[in-house]
Amino acid sequence: MRTLWLCWALWALPLSGPAAAVTEEQILGSLLQQLRLREVPVLDESDAEELAAPARVRAQYVALLRRSHGGRSRGKRFSQNFREVAGRFLASEASRRLLVFSMERRLPPNSELVQAVLRLFQEPLPEAALRSHELLSPHSDRARVTVQWLQARDDGSNRTFLIDSRLVSVRESGWRAFDVTEAVNFWQQLSRPREPLLLQVSVQREHVGPLTSSAHELVRFASQGPPGGRQGEPQLELHTLDLGEFGAQGNCDPEAPVTEGTRCCRQETYIDLQGMKWAEHWVLEPPGFLAYECVGACQQPPEALSVKWPFLGPRQCVASETTSLPMIVSVKEGGRPRPQVVSLPNMRVQKCSCASDGAPVPRKLEP
């Protein structure tokens, strides 16, 4: 059996970035470039606390998040372990409720979280309430449902971060799905497995103004299922990838140290934006993100191939696919803070590959 090496042209598949994880300086530089600023703006705490992102800004941010999640889970949809966790609502304001999920031992060891989906059951609206609403607001029957991750800080204060948002109709009922992958990622980074996952669910007007609809007051989600069943109980679906079985997907084993003999793989690296002084009062969303980095060694081509293609150089573990990082930042216009969505390119590593000085991977084929 003979072995053939096929070298792709240098221009065929350009690589997206370096092997190392993104640095604080790269994040700051990219953010300043996107906003066309020369230096970090001076904002105080009151600017950030009183600033509320309008619906269009939240919708734009969530759309970019969903696009990122779709790319990350592509190709893994049929190789997932699935777990369902029941949650409970705590009493809160009429339009804002706190949802609690006990997460202890819910995520299996040596696994990667691919996607987390929150499912809420929207209760049907009584006919009398629907007729009354149609008389008052005949042209608007939609409300915006927003899901936020609630972080309980050590000093006793709380902060929420936008996770997902979508429009629902008061005329419909049934299960509503929200992508809360980022929330579970944030919870994991706290390294407090006994603490629950806290999600804040808010129902708000679609538009703000004196003649806006009151549809948001009619949206109700079931807090628990009917007696003897779980039909309406809030559910959290956890889709994970077993790295022991599917390690060939390119992710490093989190329980195995990286050594000189480790094959090229993608290693989890969390970037804590809250811990960066320059981001304080400026970066509103997200609190951090999983960037990943490419580590490990690559098999080198035979000596005969190196002589034939001397300009290729040794193969190295590099990022071959990346995605952007959406952010909501506070910018000042006319002396007043205003939220704005920016997207920083090549911040999250999606896939690692072996390449020679920027050239794609030589493929080894055995006929």
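In what follows, residues are counted from 1 in the order of the sequence shown.
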_Is the shortest side-chain heavy-atom distance between Glu237 and Gln115 below 4.5 Å?_
no

*Backbone N/O of Val342 and side chain of Gln34: donor-acceptor pair under 3.5 Å*: no

*Mind checking whether Ile27 and Met327 have side chains closer than 4.5 Å, heavy atoms only?*
yes

*Hey, is the main chain of Glu172 close enough, under 3.5 Å, to the side chain of Gln122 for a donor-acceptor pair?*
yes

*Measure the shortest side-chain to side-chain distance between Val180 and Leu236 over non-hydrogen atoms and say whether it is less than 4.5 angstrom.*
yes

*asked:* Looking at every non-hydrogen atom in both residues, tell me the closest pair between Ala291 and Ile271 and how far apart they are.
replied: CB-CG1, 3.7 Å

_If I compare all heavy atoms of Ser202 with all of Arg96, which pair ends up nearest, and what's the gap?_
OG-CG, 3.6 Å

*Quick one: pull up CD in Gln33 and CD in Gln26 and give me the separation to the nearest 0.5 Å.*
12.0 Å

*Would you mind telling me which of Leu238, Leu118, Leu113, Ile163 makes a side-chain contact (heavy atoms from CB on, under 4.5 Å) with Thr181?*
Leu113

_When you compare the side chain of Glu25 with that of Leu28, does any pair of heavy atoms fall below 4.5 Å?_
no

*Pick from Cys352, Cys354, Cys317: which one makes a disulfide (SG to SG under 2.5 Å) with Cys264?*
Cys317

_I want to check something: taking the side chain as every heavy atom from C-beta on, are Arg97 and Phe221 in contact at a cut-off of under 4.5 Å?_
no

*What's the shortest heavy-atom distance between Pro196 and Val100, and which atoms?*
CB-CG1, 3.6 Å

*Where is the tightest heavy-atom contact between Val258 and Gln267, given as atom of each residue plus distance?*
CG2-NE2, 3.3 Å

_Interatomic distance, Gln235 atom CD to Leu120 atom CG [nearest 0.5 angstrom]_ = 10.0 Å

*asked:* What I'd like to find out is whether the side chain of Tyr292 reaches to under 4.5 Å of the side chain of Glu268, using heavy atoms alone.
replied: yes

*Which value, rounded to the nearest 0.5 Å, describes the distance between Arg105 atom CZ and Leu107 atom CG?*
12.5 Å

*Check the pair Cys294, Val349 against side chain to side chain contact (heavy atoms under 4.5 Å, CB included), reporting the backbone distance first and the verdict last.*
CA-CA 8 Å; Cys294 299; Val349 175; 3.8 Å; yes

_Return the OG to CZ distance between Ser173 and Arg220, rounded to the nearest 0.5 Å._
14.5 Å

_If we ignore hydrogens and angles and just use 3.5 Å, is the side chain of Trp187 paired with the main-chain N or O of Glu195 as donor and acceptor?_
yes

*Stepwise side chain to side chain contact (heavy atoms under 4.5 Å, CB included) test for Tyr61 and Leu284*: CA-CA 11 Å; Tyr61 174 74; Leu284 307 179; over 6 Å; no

_Using side chain to side chain contact (heavy atoms under 4.5 Å, CB included), reason through Arg67 and Thr323 one step at a time and then give a plain yes or no._
CA-CA 9 Å; Arg67 190 180 306 170; Thr323 59; over 6 Å; no

*Shared ILVMFWY cluster between Met103 and Val117, side chains joined below 4.5 angstrom?*
no

*Polar contact flag, side-chain donor to acceptor under 3.5 angstrom, Thr160-Gln200*: no

*Going by heavy atoms in the side chains, are Trp278 and Val283 under 4.5 Å from each other?*
yes

*Should Leu167 and Val62 be counted in the same cluster of Ile, Leu, Val, Met, Phe, Trp and Tyr side chains packed under 4.5 Å apart?*
no

*Report the distance from atom CZ of Arg142 to atom CZ of Arg166, rounding to the nearest 0.5 Å.*
10.5 Å

*asked:* I'd like to know whether Leu197 forms a side chain to side chain contact (heavy atoms under 4.5 Å, CB included) with Arg106, so could you lay out the CA-CA distance, the side-chain angles of the two residues, the decisive distance to 0.1 Å, and finally the verdict.
replied: CA-CA 11 Å; Leu197 173 70; Arg106 297 297 187 180; over 6 Å; no

*Nearest non-hydrogen partners of Leu199 and Ala183, listed with the distance*: CD2-CB, 3.7 Å

*Return the orientation label for the Phe186 and Tyr270 ring planes: parallel under 30°, perpendicular over 60°, tilted otherwise.*
perpendicular

*When rounded to the nearest 0.5 angstrom, what is the spacing between CG in Leu32 and CD in Glu39?*
9.0 Å

*Specify the closest pair of heavy atoms between Arg348 and Leu290, including all atoms of both residues, with the distance to one decimal.*
CG-O, 3.7 Å

_If you define the side chain from C-beta out and look only at heavy atoms, does anything of Pro234 sit under 4.5 Å from Arg119?_
no

*Should Leu325 and Met276 be regarded as members of a common hydrophobic cluster, given that ILVMFWY residues are connected when their side-chain heavy atoms come within less than 4.5 Å of each other, either directly or indirectly?*
yes

*Testing Gln204, Gln148, Arg144 for side-chain hydrogen bond (donor to acceptor under 3.5 Å, both in side chains) with Ser165, which one passes?*
Arg144

